[in-house]
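See below for the structure under consideration.
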Amino acid sequence: MKEIKVYLKPVTLLSIGSGVEEAVGSDIVQIRTRTERGLVPYIPGSSVKGALRSAVSRVARNYGFESCGETLPEYVKARHVEMLKEGKECDVCYVFGQPGPSVSNMGKAVFSPFYPDGEVTVTSITRVRLEDSSLRAHEGALYTAECIVPGQTFSGSIRIIARRNGDVRKTLQLLLLSLASLRTDRIGRSGITDVRIELADDLKALLDSKWRSLASDLEGWFWVDM
Ligand SMILES: [Zn+2]
């Protein structure tokens, strides 16, 4: 199986809301799922995918990948048309899929949900609502957000569904770059999350020494325990 085992460890408070609450103007509730242990906070695969996508979009071009650098479907489409004229194809959308309702390009990486490996503590904090564009505080806009307290590891996996070796290699390289970038980027609204992976030998074998050294760097935690 072409799969990367991924462990996520929140370093700061982590808030993964469903998004629905924000639209109706009430408070943010941590997403939970029903398991044998009852209702358990977890990180949906789509949240991890979105965070990795935006983390890697900022750095992809520095490492020789093509990126449209866009997230809104209409801008992505327009930029891709321009890129095609320049003889380029967007590697970020190739791996993470093209945003929008179309199912024609789902991407080459499939994300599992990330479940906690033990008991999770959730706390509520009060925050100031910021205007997204200017990061200025809305007048009087306080809200509470449920957050996951650091201390627990969440585990899940990313499956690579590309077939040819060259395509698997490109997908794997961009995923490794995104996982390394996420360590200093953010997931959810504000959380910094450490990342550690386990990589099967047949996937490692596809990498040259430079990429293999990034992979082995990712096999240990980045942030020291505080
Ligand atoms: Zn793109």
Side-chain angles (χ1 to χ4, degrees), residues 2-4 6 8 16-19 22-23 31 43-114 131-135 156-193 195 197 199 203 206-208 210-211 214-215 217-218:
K2 288 172 280 195
E3 198 174 78
I4 309 174
V6 180
L8 300 174
I16 309 282
S18 71
E22 204 160 43
I31 287 190
I43 309 172
S46 57
S47 300
V48 178
K49 183 176 179 174
L52 288 175
R53 182 197 181 91
S54 63
V56 83
S57 290
R58 290 188 255 281
V59 299
R61 274 180 288 219
N62 300 342
Y63 294 87
F65 295 100
E66 298 295 346
S67 167
C68 62
E70 303 286 355
T71 48
L72 294 172
E74 57 271 33
Y75 290 126
V76 169
K77 237 179 169 174
R79 183 69 194 115
H80 282 188
V81 170
E82 285 173 35
M83 288 171 76
L84 214 57
K85 283 182 202 157
E86 298 160 12
K88 297 175 189 165
E89 277 182 64
C90 179
D91 295 323
V92 171
C93 289
Y94 173 79
V95 171
F96 290 93
Q98 202 168 318
S102 157
V103 289
S104 61
N105 181 1
M106 296 288 285
K108 298 293 180 210
V110 178
F111 289 72
S112 78
F114 284 69
E131 279 179 53
D132 275 347
S133 53
S134 61
L135 291 182
S157 63
I158 309 172
R159 197 153 48 86
I160 298 173
I161 56 170
R163 289 181 186 279
R164 294 186 321 195
N165 270 356
D167 295 339
V168 175
R169 180 184 302 114
K170 180 163 80 173
T171 305
L172 177 60
Q173 288 172 338
L174 205 63
L175 286 171
L176 292 175
L177 190 59
S178 68
L179 289 160
S181 306
L182 186 65
R183 289 168 153 180
T184 53
D185 213 295
R186 60 180 189 152
I187 181 167
R189 282 174 180 74
S190 59
I192 292 180
T193 302
V195 178
I197 65 165
L199 196 59
L203 283 178
L206 294 172
L207 302 170
D208 66 14
K210 186 183 67 170
W211 286 99
L214 178 63
D217 178 63
L218 277 161

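Start at 1 and go down the list; that is how both ligands and their atoms are numbered.
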*Between Val168 and Leu203, is any pair of side-chain heavy atoms under 4.5 Å apart?*
yes
Report all side-chain donor-acceptor pairs from residues 83-96 shorter than 3.5 Å, counting only partners two or more places apart or in another chain.
residue: Glu86; atom: OE1; partner: Lys88; partner atom: NZ; Å: 3.2
residue: Asp91; atom: OD1; partner: Lys170; partner atom: NZ; Å: 3.2
residue: Asp91; atom: OD2; partner: Glu66; partner atom: N; Å: 2.8

_Residue pair Arg58 / Asp185, side-chain heavy-atom distance below 4.5 Å_ = yes
*Residues two or more places apart in sequence or in another chain: which of them pass salt bridge (charged side-chain N to carboxylate O under 4.0 Å, His left out) with Arg163?*
none
*Checking Arg61 side chain against Gly69 main chain: does a donor-acceptor pair fall under 3.5 Å?*
no
*Sum up the protein N, O or S atoms located under 2.8 Å from the Zn ion (ligand 1).*
4
*Can you list every pair that meets side-chain hydrogen bond (donor to acceptor under 3.5 Å, both in side chains) and has a residue in residues 173-184, with sequence neighbours left out?*
Arg183-Asp217
